[in-house]
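Quick notes on the structure that follows.
Counting convention: from 1, in listed order, for ligands and their atoms alike.
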Amino acid sequence: MNEFKLDFYDTKVAFADKSDQELKKKFWLFKLLNSPLITNLGTKMTELAFRLKLPIKGLVKETVFKQFCGGETIEECETTIQKLGGSQIGTILDYSIEGKASESVFERTKNEIYRTVTRAKEDENVPFAVFKTTGVARFEILEKMSAKKELLKGETAEWERSKARVYEICSHAHALEQSVFIDAEESWIQDAIDSLAGEMMQEFNTEKPIIFNTIQLYRNDRFEFLKELHRKAKREGYILAVKLVRGAYMEKERARSEEMNYPSPIHADKQAVDRDFNLAIEYCLENYEEIAFVAGTHNEASVQKLAQLMEHKNIPHNHPHVFFSQLYGMGDNLSYVLADNNFNVSKYVPYGPVKDTVPYLIRRARENTSVTGQMSRELDLLTKELRRRGVSKTEQKNGN
Ligand SMILES: Cc1cc2nc3c(=O)[nH]c(=O)nc-3n(C[C@H](O)[C@H](O)[C@H](O)COP(=O)(O)OP(=O)(O)OC[C@H]3O[C@@H](n4cnc5c(N)ncnc54)[C@H](O)[C@@H]3O)c2cc1C
């Protein structure tokens, strides 16, 4: 019998819904991002230009924003939702404003996330909602709660209001039976997030996996943490739901631990991260009746491994407890090939005002430089498909 193996290099499937024009634009943009010098210079100039209120919104919106975001509002994301849906890929509307810290902004963000939960319920093409706790609670208060520090007068009420916002989103999701992810963030605020997410799971996951917490396997304690969460859920009688990721804050984590002189919570090397990520996938799949999980990754080996394990264990590709997810604009070869093979797959589609998505865009641009290896993979695939379609090299380079 032949071993089951997904062909992620089938670029005809991976780029089936992209026109030649779109592919050429993507190639041109990724080629630019491939240069660390241009990426560094570009990000600094973009930040400065927004601060100086220079009119660069149009340029950003037509280039990196268009590549990695769905639009500025839910309504502007509709074309993307329907286009991905046409290829059996779900959209996860990710309201991306970061670093804003006032009660009125937190309230507005909570209302917007509430709308994404409602929007998700209306449409099979939007399988999940998502939010970041720092979108509805102040970073410093999460940090204090995580460090078990005493809150100042006034902060206790603020903390209660923050928890109430998280509760409002989660109870709305529960009432609609709409699953929602809680993203993971920096380790020094994560204890507070984990404890909130734990309370929400305990209350709302008794019948179905509604609330998903996120586990960052680049942390050296998280595989154990996953097993502990599973034991707790079993003991207390609810369904554990988790999103497994490697983790997005490695440099920040390392810099802080060095500066403040404590052992880094991040594994010493990538190999250890890959090992724990794959162990976590195996563990969740062994317990797939009790754990609902999402593999949030662009790592081809991890995606292949999970697909193969499911096939090997005769678990239906579209089992309602197993999901794959990638970020919009990245890893299309994985998403489209998975969908073509009937696996549950979705993409985070960030949206929000252009200037507020800049931190997100900068993370994506940095992640996509040649240093990470991700970019050469994307460029190879684009080159392969453009060649297959007979697009000449000069046309390709000009991006027109
Ligand atoms: C759907 C989705 C949801 C996500 N949600 C979150 C979230 O809630 N919170 C969050 O933090 N991130 C989140 N991420 C981002 C994720 O954590 C990774 O940063 C990103 O996906 C890259 O990892 P990878 O598995 O795709 O690929 P890979 O390219 O295989 O791995 C890159 C990752 O490996 C780790 N790494 C690389 N080099 C080293 C090294 N030398 N030592 C130790 N570790 C190393 C880092 O985590 C790096 O990001 C999400 C990603 C996706 C696709």
Task: Side-chain ion pair, Asp94 and Lys132, N-O less than 4.0 Å - done: no

- [ ] Looking only at distances, please establish whether an N/O atom of ligand 1 is found under 3.5 Å from an N/O atom of Ser325.
- [x] no

Task: Pairing residues for Tyr351 by the ring pair (Phe, Tyr, Trp, His ring centres under 6.0 Å) criterion, not counting sequence neighbours - done: Tyr95

Task: Candidate with minimal heavy-atom separation from atom 19 (O) of ligand 1, of Ser302, Gly247, Ala295 - done: Gly247

Task: Subset of ligand 1 atoms that lie under 4.0 Å from at least one heavy atom of His267 - done: 42 (N), 43 (C)

- [ ] Return yes if some donor-acceptor pair links the side-chain N/O of Lys57 with the main-chain N/O of Lys355 below 3.5 Å, else return no.
- [x] no

Task: Residue Lys270 excluded, over 12 heavy atoms near NZ under 6.0 Å - done: yes

TODO: For Tyr348, take its heavy atoms, then give the atoms of ligand 1 lying under 4.0 Å from any of them.
DONE: 1 (C), 3 (C)

Task: Glu251 near ligand 1 by a heavy-atom separation under 4.0 Å - done: no

Open item on the list: Classify the ring geometry of Phe30 against Phe68: parallel below 30°, tilted from 30° to 60°, perpendicular beyond 60°.
Closed with: parallel

TODO: Return yes when atom CD of Glu122 has more than 12 non-hydrogen atoms of other residues, nucleotides or ligands closer than 6.0 Å, and no otherwise.
DONE: yes

Open item on the list: Please report whether ligand 1 has a polar contact with Gly296, defined as an N or O pair separated by less than 3.5 Å (distance criterion only).
Closed with: no

Open item on the list: Using the side-chain contact (heavy atoms from CB on, under 4.5 Å) criterion, which residues pair with Met310? Sequence neighbours excluded.
Closed with: Leu285, Leu306, Ile315, Val322, Phe324, Phe343

Task: Asn287 side chain vs Glu290 backbone, donor-acceptor pair below 3.5 Å - done: no

Open item on the list: If the cut-off is 4.0 Å to any non-hydrogen atom of Met250, which atoms of ligand 1 fall inside it?
Closed with: 36 (N), 38 (N), 39 (C), 40 (C), 42 (N), 43 (C), 44 (N), 45 (C)

TODO: With heavy atoms under 4.0 Å as the rule, classify the contact between Lys132 and ligand 1 as side chain, backbone, both or neither.
DONE: neither

Open item on the list: Need the ligand 1 atom indices (1-based, order shown) with element for anything under 4.0 Å from a heavy-atom of Arg254.
Closed with: 40 (C), 42 (N), 43 (C)

Task: Per atom 10 (C) of ligand 1, closest listed option by heavy atom (Ala248, Ala268, Ala272) - done: Ala248

TODO: Say whether Arg377, considering both its backbone and side-chain N or O atoms, lies within less than 3.5 Å of an N or O atom on ligand 1.
DONE: no

Task: Side chain, backbone, both or neither: the part of His298 lying under 4.0 Å from ligand 1 by heavy atom - done: both

Open item on the list: Apply side-chain contact (heavy atoms from CB on, under 4.5 Å) to residues Cys69 and Tyr328 and explain how you reach the verdict.
Closed with: CA-CA 7 Å; Cys69 298; Tyr328 185 65; 5.8 Å; no

Task: Structural part of Val294 in contact with ligand 1, heavy atom criterion under 4.0 angstrom - done: neither

Open item on the list: Please work out, at 4.0 Å between heavy atoms, whether the side chain, the backbone, both, or neither of Phe181 comes within that distance of ligand 1.
Closed with: neither

Open item on the list: Check for me whether Arg246 meets the cation-pi criterion with Phe277, that is, NZ or CZ under 6.0 Å from the six-membered ring centre and within 45 degrees of the ring axis.
Closed with: yes

Open item on the list: What I want to know is whether Lys270 and ligand 1 share at least one N or O pair that is separated by under 3.5 angstrom.
Closed with: yes

TODO: Taking only heavy atoms of Tyr249 into account, list the atoms of ligand 1 that are under 4.0 Å away from them.
DONE: 11 (O)

- [ ] Could you say whether the N/O atoms of Asp274 and ligand 1 ever approach to under 3.5 Å?
- [x] no

Task: Non-hydrogen atom of Lys347 closer than 4.0 Å to ligand 1 - done: no

Open item on the list: If we set the cut-off at 4.0 Å for heavy atoms, which region of Thr297 has an atom near ligand 1: side chain, backbone, both, or neither?
Closed with: both

Open item on the list: With a heavy-atom distance limit of 4.0 Å, tell me whether Asp183 approaches ligand 1 through its side chain, its backbone, both, or neither.
Closed with: both

TODO: List every atom of ligand 1 that sits less than 4.0 Å from any heavy atom of Val273, numbering the atoms from 1 in the order shown and giving each element.
DONE: 43 (C), 44 (N)

- [ ] Would you kindly specify which portion of Glu185 sits under 4.0 Å from ligand 1, judged on non-hydrogen atoms: side chain, backbone, both or neither?
- [x] neither

Open item on the list: Do the side chains of Glu75 and Arg115 get close enough for a salt bridge, i.e. N-O under 4.0 angstrom?
Closed with: yes

Open item on the list: Atom NE2 of residue position His312 - does it have more than 12 heavy atoms of other residues, nucleotides or ligands inside 6.0 Å?
Closed with: no

Open item on the list: Test of understanding: given a 4.0 Å heavy-atom threshold, classify the contact between Gln326 and ligand 1 as side chain, backbone, both, or neither.
Closed with: backbone

Task: Main-chain N/O of Phe15 paired to Glu385 side chain as donor or acceptor, under 3.5 Å - done: no

- [ ] Would you check if the side chain of Arg165 reaches a backbone N or O of Val136 as a donor-acceptor pair within less than 3.5 Å?
- [x] yes

